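Written below as structure tokens is the structure these notes are about.
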Amino acid sequence: MDAQPLTADERRRRVFDFLDARGIRYEWYEHPEAPTCEIALQYCRGDGARHCKNLFFRNHKGDRHYLVCFDAEQRLAIRDLEQRLHQGKLSFASPERMERWLGLCPGSVSAFGLINDPAHHVHVFFDIRMRDWPRYAFHPNDNRATVLIEHDEFMRYLAAVGNSYEFIELY
């Protein structure tokens, strides 16, 4: 019998427990459900953070998966992304793949989903401009809250999860 997916509250708690156990500093706040960046941006509190859009893709063969993170106020054409990433034809990963590799469901994709990928299967592409952002905002794997995390603390988080990543020009 398959284990039941975690609830949104359980997913959020796992993120906070992961960060707390490693002494990674963050702030967070709750808001109404926000399954898209456009909705989430309505609830940002002038928090000084750049809010991140997170898209989960698979390659044509379905044997590689990619998380792509960039400014929530930007748009990204999948065909342009294919050219920039040099990973062949891409498509959005199914909800089943999202659950398998990130432990998430549509509308809650976040870089914090990497805590659910102990095999480090998912490779992450960050827009190069994010290197210059002092503070990021992501869902804590629950789209009813936002985590604010300083750049240096986020880099500590990435080191702790251990997935491969790179900063590239996405647009």
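These numbers come from a predicted model, not from an experiment. In what follows, every heavy atom counts, from backbone to side chain, and hydrogens, waters and symmetry copies are set aside.
With rounding to the nearest 0.5 angstrom, the CZ atom of Arg14 is 14.0 Å from the CG atom of Asp9. Between Phe138 atom CZ and Ser108 atom OG the span is 13.5 Å, to the nearest 0.5 Å. Here Asp142 contributes atom CG and Glu33 contributes atom CD; the two are 8.5 Å apart, rounded to the nearest 0.5 Å. A distance of 12.5 Å separates CG of Asp20 from CZ of Arg25, quoted to the nearest 0.5 Å. To the nearest 0.5 Å, atoms SG (Cys69) and CZ (Phe154) are separated by 6.0 Å. In this structure, CG in Leu85 is found 10.5 Å from CG in Asp80, a value given to the nearest 0.5 Å.
Side-chain N or O atoms of Asn54 include one that pairs as donor or acceptor with a backbone N or O of Cys52 at under 3.5 Å. One N or O on the side chain of Arg58 and one on the backbone of His60 form a donor-acceptor pair closer than 3.5 Å. Remark: the backbone N or O of Ala8 is not paired with any side-chain donor or acceptor of Glu10 at under 3.5 angstrom. Between the side chain of Arg97 and the backbone N or O of Gly62 there is at least one donor-acceptor pair closer than 3.5 Å.
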Exercise for the section: Would you sort out whether Glu73 and Lys53 count as a side chain to side chain contact (heavy atoms under 4.5 Å, CB included), showing the intermediate values? Expected result: CA-CA 8 Å; Glu73 296 186 32; Lys53 184 176 283 193; over 6 Å; no

Practice task
Begin from the C-alpha positions of Asn163 and Leu158 and carry the test side chain to side chain contact (heavy atoms under 4.5 Å, CB included) through to its verdict.
Solution key: CA-CA 7 Å; Asn163 288 66; Leu158 290 175; over 6 Å; no

Handout entry: Arg13 vs Asp17, salt bridge (charged side-chain N to carboxylate O under 4.0 Å, His left out): CA-CA, chis, key distance, verdict
Key = CA-CA 6 Å; Arg13 183 79 260 147; Asp17 289 348; 3.0 Å; yes

Problem - Asn141 vs Ser110, side chain to side chain contact (heavy atoms under 4.5 Å, CB included): CA-CA, chis, key distance, verdict - result: CA-CA 6 Å; Asn141 299 343; Ser110 162; 3.5 Å; yes

Practice task
Could you walk me through whether Ile115 and Val15 pass the side chain to side chain contact (heavy atoms under 4.5 Å, CB included) test, one step at a time?
Solution key: CA-CA 7 Å; Ile115 66 173; Val15 170; 3.9 Å; yes

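Of the listed residues (His51, His31, His139), just one forms a side chain to side chain donor-acceptor pair (under 3.5 Å) with Thr146, and that residue is His31. Applying ring-ring contact (aromatic ring centres under 6.0 Å, His included) to Phe112 and the options Trp28, Tyr157, Phe16, Tyr26 leaves one that passes, Tyr157.
In this structure, Phe57 has its ring center under 6.0 Å from that of Phe92.
Contact check on Arg156 versus Glu153 returns a salt bridge, with a Lys/Arg side-chain nitrogen under 4.0 Å from an Asp/Glu carboxylate oxygen. Between Asp71 and Arg50 a salt bridge is recorded (basic side-chain N to carboxylate O distance below 4.0 Å). Comment: Arg135 engages Glu27 in a salt bridge, judged by a side-chain N to carboxylate O separation of less than 4.0 angstrom.
Applying the ring-ring contact (aromatic ring centres under 6.0 Å, His included) rule to Trp101 yields the partners His65, His121; only residues at least two apart in sequence or on another chain are considered.
Cluster membership for Leu67 and Trp133, using ILVMFWY side-chain heavy atoms within less than 4.5 angstrom, is shared. By the criterion of side-chain heavy atoms lying less than 4.5 angstrom apart, applied directly or through intervening Ile, Leu, Val, Met, Phe, Trp or Tyr residues, Leu41 is not grouped with Tyr43; the two fall into different hydrophobic clusters. Clustering ILVMFWY residues whenever any of their side-chain heavy atoms sit less than 4.5 angstrom apart, transitively, puts Tyr165 in a cluster other than the one holding Val68. Linking ILVMFWY residues whenever their side-chain heavy atoms come closer than 4.5 Å, directly or via other members, leaves Leu6 and Leu104 in distinct clusters. Val147 and Ile39 are not part of a single hydrophobic cluster, where members link through side-chain heavy atoms under 4.5 Å apart.
Of all non-hydrogen atoms in Leu148 and Ala49, the two that sit nearest each other are CD2-CB, 3.8 Å. Contact between Glu99 and Pro5 at its shortest, heavy atoms only, is OE1-CB, 3.8 Å. Across all non-hydrogen atoms, the minimal contact from Asn143 to Gly107 is ND2-O, 2.8 Å. Nearest heavy-atom pair, Leu90 versus Asn59, reported as atom, atom and distance to 0.1 Å: CD2-CA, 4.2 Å.
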Atom pairs and distances, side-chain donor-acceptor, residues 122-132, under 3.5 Å, sequence neighbours left out:
from, atom 1, to, atom 2, distance (Å)
His123, ND1, Ser164, O, 3.4
His123, ND1, Ser164, OG, 2.6
His123, NE2, Glu166, OE2, 2.8
Asp127, OD1, Arg129, NH1, 2.8
Asp127, OD1, Leu170, N, 3.0
Asp127, OD2, Arg129, N, 3.2
Asp127, OD2, Arg129, NH1, 3.0
Asp127, OD2, Tyr171, OH, 3.4
Arg129, NH2, Tyr171, O, 2.8

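Residue Arg79 qualifies as enclosed at atom CZ: its count of foreign heavy atoms under 6.0 Å is above 12. No more than 12 heavy atoms of other residues, nucleotides or ligands shown are found within 6.0 angstrom of CD on Gln83.
In this model, no donor atom of one side chain and acceptor atom of the other lie less than 3.5 Å apart for Asn116 and Arg11.
Looking at Arg12 and Pro140, their side chains come closer than 4.5 Å, going by heavy atoms from C-beta outward.
Judged by a 6.0 Å distance limit and a 45° cone about the ring axis, Arg22 is positioned over the six-membered ring of Phe18.
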